[in-house]
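Okay, structure first, notes after.
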2 protein chains.
Amino acid sequence: MQRNQTAYVILGILAIHPHQSGYEIRKTIQQSVGFFWGESYGQIYPTLKRLGAEGLIVPDVSASQTRPKRQEYSLTPAGHLCLQEWLAVPYREDPPRDEFLLKLFFGRDAAPGVSIQHIRRFQEENRRLLTTLLELEAMARAHNSQSLPGFPFWMLTLNFGVAQLRSALEWSESALALLSTGEAGLVSNPQPTNSTVPEKP
Amino acid sequence: MQRNQTAYVILGILAIHPHQSGYEIRKTIQQSVGFFWGESYGQIYPTLKRLGAEGLIVPDVSASQTRPKRQEYSLTPAGHLCLQEWLAVPYREDPPRDEFLLKLFFGRDAAPGVSIQHIRRFQEENRRLLTTLLELEAMARAHNSQSLPGFPFWMLTLNFGVAQLRSALEWSESALALLSTGEAGLVSNPQPTNSTVPEKP
DNA sequence: ACACACATGTAATTGGTTACATGATTTC
DNA sequence: GAAATCATGTAACCAATTACATGTGTGT
């Protein structure tokens, strides 16, 4: 097996952004790959220790300007090599589990209106996420970036997210339309129907 | 806490299709919700026992025509109620983890060509899955179904899958285009470029 | 005779979340 | 001086996969 995924995210983040502490690494993860990857402290701190013991990262001793005590780390050459090797290995897709789709699939056995509610929530969350991603994209384009060597890859994943969300939102409209004829029932929350899918500006 | 997801899939499957054994339940899962949900035997058999002990399902005693010894189960009224309650609870989305996107994101640090390889594989797998789903859809439409009360929900999830896959495939084309200018490197496997995205017939 | 699909299960391990414990620093 | 956020960590728990063990029936 040997799937230490957490370790590799940390290596990858440190490769882009050296001298970060566990706390910062987590924040960076949330802000950059957050929409398709998450890590908890309970996973990060122990892994940081382990990576240090294996010589893949080193705790920064210098530049003790840090206000509260905190430990920053950087990649060693061995760590960078390790990251590169992992990147070359075919990706492994872990078994998918989408509770939203599952509940929808079993919608026949749900009380009337339930599935519609789920789809509504799905829509709202996807809209929210989509606007976040579009903002991120705009910032990235406008701001510095561009010339950074990581930029195209970062854009690629962003574009992927945007494309998936748009398609999910389109689907959700047709899904609601389909269920409204026949389901309906007690459909609360008519909602001011805030526009529809955000478009790129 | 309290997310017994496995238990609910089993209840849901038995609600649609009673008198199934653990082995069959697993097959049914793979064939129906397989593209967004998976279960292993190590999870199914113990859960079956537990659900029996809780009175949510009953082992079928009758109709012992089954060639090899095997235990079939059916929902009890309590089990059906339990399923309904669970369906009404807002879905919980578990933290996303997409190793493909992660490796792509760190593509800057990969050897040349690596990211392209990943995308190629991604494309192939999505094409395969898409054709499978389209076949399923065609069968479902043509075949019996239609009138079954579960049909619209089943279609909804299928349509979702198809939409997501199409959008992913479109994205992958543009991604390859983007990486080909600059990456390239030693791009093996020029591949006979088997058409592109399958269209609906 | 051999292999493969049917069929049921258990044990070990792991990957991961959650909750808890603790304390410093900033901001209101 | 209270609250929020920065910051690091540990322990308990759990869901799930994997590998193993075992045996029957079917087809070649």
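Below, chain A is the first sequence line, B the second, and so on; all start at residue 1.
The nearest whole Å value for the distance from the CD atom in Gln20(A) to the C1' atom in dT8(D) is 16 Å. We find that NE2 of His19(B) is positioned 19 Å from C1' of dA7(C), with the value rounded to whole Å. Between Glu39(B) atom CD and dA7(C) atom C1' the separation is 18 Å, expressed in whole Å. With rounding to whole Å, Ile10(A) atom CD1 is found 12 Å from dT8(D) atom P. Between Ile44(A) atom CD1 and dG15(C) atom P there is a gap of 16 Å when expressed in whole angstrom units. Between the CZ atom of Arg97(A) and the P atom of dC14(D) there is a distance of 17 Å, rounded to whole Å. For Gln5(A) and dT14(C), the CD to P distance is 15 Å, given to the nearest whole Å. Per the geometry, CG belonging to Asp94(A) stands 15 Å off C1' belonging to dT18(D), to the nearest Å.
For Ser40(B) and dT18(D), the shortest distance from a side-chain N or O to OP1 or OP2 is not below 4.0 Å. Taking side-chain N and O atoms only, Lys27(B) has no distance below 4.0 Å to OP1 or OP2 of dA5(C).
Side-chain atoms of Glu24(B) come within 3.5 Å of backbone N or O of Ser21(B) as a donor-acceptor pair. Side-chain atoms of Thr76(B) come within 3.5 Å of backbone atoms of Gly55(B) as a donor-acceptor pair (strictly under, hydrogens ignored).
For Glu85(B), there are no side-chain hydrogen bond (donor to acceptor under 3.5 Å, both in side chains) partners two or more places apart in sequence or in a different chain.
If you look at Phe105(A) and Phe153(B), their ring centroids are not closer than 6.0 Å.
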Protein-nucleotides 8-11 of chain C N/O pairs closer than 3.5 Å?
residue	atom	partner	partner atom	Å
dT8(C)	OP1	Gln71(B)	N	2.9
dT8(C)	OP2	Tyr23(B)	N	3.0
dT8(C)	OP2	Tyr45(B)	OH	2.9
dT8(C)	O5'	Tyr45(B)	OH	3.4
dG9(C)	OP1	Lys49(B)	NZ	3.0

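Rounded to the nearest 0.5 angstrom, Thr28(A) OG1 and Leu14(A) CG are separated by 9.0 Å.
Judged by a 6.0 Å distance limit and a 45° cone about the ring axis, Arg97(A) is not positioned over the six-membered ring of Phe36(B).
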